[in-house]
Amino acid sequence: MSVKTALRVIEIIETYAREKRALSLSELARLLDAPVSSCLALIRTLAELGYLYETGRRQGYYPTGRLLAMAQRIARADPVLDRVYPSLVELREATRETIVFAKLDALSRVVYLEVLDSPHTIRYAPVAGEFREIHANSLGKALISRLDPGQRADLLARAPLTRFNERTLVDPARLEADLRESQQRGWFSNISESIPDVGAIAWPVSLSGETYAISVGGPVYRIEPEQQTYARILRAACTALEQDR
């Protein structure tokens with residue numbers, strides 16, 4: 001029950017992030033597909049703790065600034081992001097494209113740890129906390145490139161290699177060949193292999209014994225012609241981070 005309750009609280013937060021408006025108890029219950037009674041208990045508790053407030057009588061509830069303040073306090077204390085964030089900012093300024101910092105989670109999925117949005121109106125716009133499959137993602141390719149060959153073969157044999165479109169590589173042997181070619185040329189790429197018209201390049205970086213990766217992503221028409229230039233900038237940033245003990 002405690003796990004279910006924790007999950008419901010996260011779902012409430014995500015619902016507000018998606019809806020961006022005050023929600024009545026009945027609306028929230030409908031959006032969560034949950035009983036009104038269980039939502040009422042959670043809403044009351046979150047309001048008592050200062051995370052939600054009633055915008056007006058019968059007008060619904062909305063998160064207070066407490067949630068943002070807590071999130072910012074947590075983010076400022078992140079030991080890894082504190083180290084890499086200045087480099088991520090520099091990469092965004094140099095490329096003017098979206099920068100993503102990621103690693104593999106316990107289920108061998110790519111998890112986005114930080115996202116710095118491109119200043120362009122038309123841009124790749126993921127959010128931190130998203131998951132991606134390893135085979136159709138530049139970050140995933142960069143991350144598994146650092147695995148022992150046997151470990152990587154085992155991972156690719158059991159991973160869900162979803163075919164998103166005709167460009168997606170779903171054969172382990174072809175993926176291995178792509179990884180070798182990418183390592184030799186100096187960047188791992190995803191050119192519309194998962195999302196149409198979106199491209200990205202990535203490179204791995206080792207920090208305190210853990211493997212992470214950084215990508216530069218955006219519309220294919222901007223990323224594809226600049227792959228070599230962006231890769232040079234990206235590798236230099238990763239090398240500097242690894243040398244910054």
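This one's a predicted model, so the numbers in the text were calculated from it and none came from an experiment.
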Practice problem: Could you go through the side chain to side chain contact (heavy atoms under 4.5 Å, CB included) check for L156 and I134 one step at a time? | Solution: CA-CA 9 Å; L156 292 176; I134 55 175; 4.0 Å; yes
Quiz item: Counting heavy atoms not belonging to Q228, are there more than 12 under 6.0 Å from its CD?
Solution: no
Exercise. First locate atom OG1 of T45, then atom CD of E48, and finally report the distance between them rounded to the nearest 0.5 Å.
Key: 5.5 Å
Quiz item: Does a side-chain heavy-atom distance below 4.5 Å link L104 with V111?
Solution: no
Quiz item: Parallel under 30°, tilted from 30 to 60°, perpendicular over 60°: which one fits the rings of F101 and Y212?
Solution: parallel
Exercise. State, yes or no, whether a side-chain contact exists between H120 and P219 at a heavy-atom distance under 4.5 Å.
Key: no
Exercise. Apply the test side chain to side chain contact (heavy atoms under 4.5 Å, CB included) to residues T168 and T162: give CA-CA distance (whole Å), side-chain angles for both, the deciding distance (0.1 Å), then the verdict.
Key: CA-CA 8 Å; T168 309; T162 304; over 6 Å; no
Quiz item: Once you round to the nearest 0.5 Å, how far does CD of E93 lie from CG of L116?
Solution: 9.5 Å
Quiz item: Atom CZ of R8 and atom CG of L28: how far apart are they, to the nearest 0.5 Å?
Solution: 9.0 Å
Quiz item: Under 4.5 Å between any side-chain heavy atoms of W203 and I214, yes or no?
Solution: no
Side chains of residues 63-77: which donor-acceptor partners sit under 3.5 Å, not counting sequence neighbours?
{"unit_1": "T64", "atom_1": "OG1", "unit_2": "G50", "atom_2": "O", "d": "2.5"}
{"unit_1": "T64", "atom_1": "OG1", "unit_2": "R66", "atom_2": "N", "d": "3.1"}
{"unit_1": "R66", "atom_1": "NE", "unit_2": "L49", "atom_2": "O", "d": "3.2"}

Quiz item: Any idea which heavy atoms bring Y112 and R132 closest together, and the distance?
Solution: OH-CG, 3.3 Å
Practice problem: Identify the residue among I144, V205, L143 that makes a side-chain contact (heavy atoms from CB on, under 4.5 Å) with T211. | Solution: L143
Exercise. State, yes or no, whether a side-chain contact exists between E97 and Y124 at a heavy-atom distance under 4.5 Å.
Key: no
Practice problem: Indicate, with yes or no, if F164 and L139 share a hydrophobic cluster defined by side-chain heavy-atom contacts under 4.5 Å among Ile, Leu, Val, Met, Phe, Trp and Tyr. | Solution: no
Quiz item: Do L23 and Y53 share a hydrophobic cluster (ILVMFWY, side-chain heavy atoms under 4.5 Å, transitive)?
Solution: yes
Quiz item: Do L7 and E11 come close enough that some side-chain heavy atom pair is under 4.5 Å?
Solution: yes
Self-check item: Shared hydrophobic cluster, Y51 / L40 (ILVMFWY, side-chain heavy atoms < 4.5 Å)
Solution: yes
Self-check item: Test side chain to side chain contact (heavy atoms under 4.5 Å, CB included) applied to V115 and E130, step by step
Solution: CA-CA 10 Å; V115 176; E130 286 187 13; over 6 Å; no
Quiz prompt | Where L207 and L241 come nearest, the two heavy atoms and their spacing | solution = CD2-O, 4.0 Å
Exercise. Hey, could you give me the CG/CG distance between L169 and L161, rounded to the nearest 0.5 Å?
Key: 10.0 Å
Quiz item: Which class fits the ring pair Y16 and Y62: parallel under 30°, tilted 30 to 60°, perpendicular over 60°?
Solution: perpendicular
Quiz item: Going by an N to O cut-off under 4.0 Å, is there a salt bridge joining R158 and D154?
Solution: yes
Quiz prompt | Interatomic spacing from OG in S138 to CG in L234 - rounded to 0.5 Å | solution = 9.0 Å
Quiz item: Side chains of E114 and D78: closer than 4.5 Å at any heavy-atom pair?
Solution: no
Self-check item: Atom pair CD/CG of E224 and D197 - distance to nearest 0.5 Å
Solution: 11.0 Å
Quiz prompt | Under 3.5 Å: donor-acceptor pair, side chain of R92, backbone of D117 | solution = yes
Quiz item: Is there a donor-acceptor pair closer than 3.5 Å between any side-chain N or O of N190 and the backbone N or O of A136?
Solution: yes
Exercise. Would you name the heavy atoms of R96 and S118 that are closest together and state the gap between them?
Key: O-OG, 2.8 Å
Quiz item: Is there side-chain contact between E181 and R185, with heavy atoms separated by less than 4.5 Å?
Solution: yes
Practice problem: Taking all non-hydrogen atoms of both residues into account, name the closest pair between L147 and R152 and its distance. | Solution: O-NH1, 3.1 Å
Self-check item: CZ (R44) with more than 12 external heavy atoms under 6.0 Å
Solution: no
Quiz prompt | S215 side chain vs G217 backbone, donor-acceptor pair below 3.5 Å | solution = no
Quiz item: With a cut-off of 6.0 Å (strictly less than), are more than 12 heavy atoms of other residues, nucleotides or ligands near CG of D33?
Solution: no
Practice problem: For S206 and R146, test the side chains for any donor-to-acceptor distance below 3.5 angstrom and give the result as yes or no. | Solution: yes
Practice problem: Could you go through the side chain to side chain contact (heavy atoms under 4.5 Å, CB included) check for E19 and E27 one step at a time? | Solution: CA-CA 11 Å; E19 295 295 319; E27 282 183 302; over 6 Å; no
Exercise. Determine whether S194 and R167 make a side-chain contact, defined as any pair of heavy atoms from C-beta on separated by less than 4.5 Å.
Key: no
Practice problem: Can you sort out the partners of A231 under side chain to side chain contact (heavy atoms under 4.5 Å, CB included), two or more places apart, ordered by chain and number? | Solution: W187, I201, R235
Quiz item: Under 4.0 Å between a Lys/Arg side-chain N and an Asp/Glu carboxylate O for K141 and E193?
Solution: yes
Quiz item: Taking atom CD1 of I122 as the centre, does the number of heavy atoms from other residues, nucleotides or ligands within less than 6.0 Å exceed 12?
Solution: no
